[in-house]
Amino acid sequence: MKKNLFNLFVLLCLSLTMASCISDDDNNTQYLRSHFVIEGVYPNYTLYSREDITVYLDPTSVASMTNKKGFGDNKRGYFDISFKSDDVSYVPVPGTERQTAVIKNAQLIAGSYVNVSSVWTYDQAEKDNITVEDSVFNVQKISDFWMQRGYLNIAIDANYSVDATNTGIFPTTNVAYKRESVRDNEITLTVLYNRHSRKDATTSPSVGRFITAYYFPEIAYIVPGNDSIRVKIEAMGTTPVEMKIGR
């Protein structure tokens, strides 16, 4: 049965691991599951994994899985791919002693897109009623955050709403900053999590992992200074995290 690539702006990763996973079978076929940055135009796409693996997708596989529509404007995804061991090569990384894997003729099996959003000012978020008390919910933790080819990725673990048929109601995650949090080479980003509760909804007993991405040069443009930027990420109900990101 042919599977079609589906488009979700968040991922429920309860049964999936966020780290890449490579496995193989007895037919010289291997499998990779990871977060990727998408580059290229239909039908010729290159994927770059979080672990710096370069994947050249088979154009016929892309056409089949996307109904000949390609990836459109999507730049981030969480995909399962398969490939033959003979299609893997290793190239040196300039300036280091390590090598990186390059995979050719990879087959796209399944996956979801990761939404790339813009960061709001807190004033804008307030005008759009994103910050009102009944719109923002606690998160259990900021479970992961990383930079990948210009994109800041933020993953949160949180409860979500389900309707009367126990179908998940997908939440919205926005990120905003207060102007006073922006200093030389420093910014605090606040995750605003709305699980979209409603009258017929209840809270799922399960915890979902929801991932969004932000194009970091847009954030860096906001921050004065010339050094690496100290980025603090906070969310209601959890401990803040931080990282330094080069401009």
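Model, not experiment: these values are computed from the prediction.
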TODO: Identify the heavy atoms of Ser82 and Thr29 that sit nearest to each other, and give their distance.
DONE: CB-CG2, 4.0 Å
TODO: Would you indicate whether the side-chain heavy atoms of Arg76 and Val37 approach each other to under 4.5 Å?
DONE: yes
Open item on the list: Quick check: do Val162 and Ile169 have side-chain heavy atoms less than 4.5 Å from each other?
Closed with: no
TODO: Output yes when Lys244 and Asp227 qualify as a salt bridge under the 4.0 Å nitrogen-oxygen rule, no when they do not.
DONE: no
Open item on the list: So does Asp52 get a backbone contact from the side chain of Thr100, meaning a donor-acceptor N/O pair under 3.5 Å?
Closed with: yes
TODO: Mind checking the CG-CD spacing from Asn44 to Glu39? Nearest 0.5 Å is all I need.
DONE: 13.5 Å
TODO: Apply the test ring-ring contact (aromatic ring centres under 6.0 Å, His included) to residues Phe79 and Tyr45: give CA-CA distance (whole Å), side-chain angles for both, the deciding distance (0.1 Å), then the verdict.
DONE: CA-CA 13 Å; Phe79 299 134; Tyr45 291 105; 9.5 Å; no
- [ ] Check whether Tyr56 and Leu108 end up in the same hydrophobic cluster, where Ile, Leu, Val, Met, Phe, Trp and Tyr are linked by side-chain heavy atoms less than 4.5 Å apart.
- [x] no
Task: Minimum heavy-atom distance Thr188-Tyr177, with the two atoms named - done: O-CB, 3.5 Å
Task: Pairwise distance NZ(Lys75) to CZ(Arg149) - rounded to 0.5 angstrom - done: 11.5 Å
Task: Working for side chain to side chain donor-acceptor pair (under 3.5 Å), residues Tyr48 and Thr46 - done: CA-CA 7 Å; Tyr48 298 92; Thr46 304; 4.8 Å; no
Open item on the list: Please find the pair of heavy atoms, one from Gln107 and one from Asp58, that lie closest to each other, and give the distance.
Closed with: NE2-OD2, 2.9 Å
Open item on the list: Could you measure the distance from the CD1 atom of Ile187 to the CD1 atom of Ile222? Nearest 0.5 Å is fine.
Closed with: 5.0 Å
Open item on the list: Main chain of Gly225, side chain of Arg247: is a donor-acceptor contact present, judged purely on distance under 3.5 Å?
Closed with: yes
TODO: Step through the shown structure and confirm whether more than 12 heavy atoms of other residues, nucleotides or ligands are within 6.0 Å of NZ on Lys141.
DONE: no
- [ ] Drop me the distance from Thr172's OG1 to Phe137's CZ, to the nearest 0.5 angstrom.
- [x] 11.0 Å
Open item on the list: Donor-acceptor pair, distance only, cut-off 3.5 Å: does the side chain of Thr66 make one with the backbone of Val62?
Closed with: yes
Open item on the list: For residues Tyr90 and Phe83: do they belong to one hydrophobic cluster (side chain heavy atoms under 4.5 Å, members Ile, Leu, Val, Met, Phe, Trp, Tyr)?
Closed with: yes
TODO: Report whether Ile156 and Met236 are members of the same hydrophobic cluster (ILVMFWY, side-chain heavy atoms less than 4.5 Å apart, transitive linking).
DONE: no
Open item on the list: Counting C-beta onward and ignoring hydrogens, is there a side-chain heavy-atom pair between Thr60 and Pro43 closer than 4.5 Å?
Closed with: no
- [ ] Treat each ILVMFWY residue as a node, draw an edge where side-chain heavy atoms are under 4.5 Å apart, and state whether Val191 and Val119 are in one component.
- [x] yes
Task: Side chain Asn153, main chain Trp146, donor-acceptor under 3.5 Å - done: yes
Task: Ile130 and Asn194, any side-chain heavy atoms less than 4.5 Å apart - done: no
- [ ] Mind running side chain to side chain donor-acceptor pair (under 3.5 Å) on Ser117 and Asn115 for me, showing each step along the way?
- [x] CA-CA 6 Å; Ser117 302; Asn115 189 50; 2.6 Å; yes
Task: Spacing of OG1 belonging to Thr238 relative to CD1 belonging to Ile233, to within rounding of 0.5 Å - done: 11.5 Å
Task: Heavy-atom closest pair, residues Val114 and Ile211 - done: CG1-O, 3.7 Å
Task: Over all atoms of both residues, closest heavy-atom pair of Pro217 and Gly150 - done: CD-O, 3.5 Å
- [ ] Ignoring hydrogens and angles, tell me if any N or O in the side chain of Ser204 forms a donor-acceptor pair with the backbone of Tyr160 under 3.5 Å.
- [x] no
TODO: Could you list the residues that satisfy salt bridge (charged side-chain N to carboxylate O under 4.0 Å, His left out) with Asp128, not counting sequence neighbours?
DONE: none
Open item on the list: Between Tyr215 and Tyr151, is the ring centroid distance below 6.0 Å?
Closed with: yes
Task: Backbone N/O of Ile81 and side chain of Arg33: donor-acceptor pair under 3.5 Å - done: no
TODO: Check whether any side-chain N or O of Ser143 sits under 3.5 Å from a backbone N or O of Ala155 as a donor-acceptor pair, and report yes or no.
DONE: yes
Open item on the list: Just verifying a value: how many Å separate Ser34 OG and Tyr78 OH, rounded to the nearest 0.5 Å?
Closed with: 7.5 Å
- [ ] Compare all side-chain heavy atoms of Thr131 with those of Thr190 and state whether any distance is below 4.5 angstrom.
- [x] no
- [ ] List the atom of Ala235, the atom of Val139, and the distance in Å for their closest heavy-atom pair.
- [x] CB-CG2, 3.6 Å
Open item on the list: Go through it in stages, so that I can follow the logic: the residues are Leu47 and Ile38, the test is side-chain contact (heavy atoms from CB on, under 4.5 Å), and I'd like the CA-CA distance, side-chain angles, deciding distance and then a yes or no.
Closed with: CA-CA 5 Å; Leu47 305 179; Ile38 303 166; 3.9 Å; yes
Task: Heavy-atom check, side chain of Leu192 versus side chain of Tyr122, under 4.5 Å - done: yes
- [ ] Would you sort out whether Asp144 and His35 count as a side-chain contact (heavy atoms from CB on, under 4.5 Å), showing the intermediate values?
- [x] CA-CA 12 Å; Asp144 204 358; His35 291 275; over 6 Å; no
Task: Sequence neighbours excluded - ring-ring contact (aromatic ring centres under 6.0 Å, His included) pairs with any residue from residues 180-203 - done: Tyr193-Phe210
Task: Heavy-atom check, side chain of Gln124 versus side chain of Asn174, under 4.5 Å - done: no
TODO: Please confirm whether the backbone N or O of Ser49 pairs with a side-chain atom of Gln148, one donor and one acceptor, at under 3.5 Å?
DONE: yes
Open item on the list: In the structure I gave you, are the side-chain heavy atoms of Phe36 and Leu57 within less than 4.5 Å of one another anywhere?
Closed with: no
- [ ] Consider only side-chain heavy atoms of I, L, V, M, F, W and Y, link residues closer than 4.5 Å, and tell whether Met243 and Ile219 are in one cluster.
- [x] yes
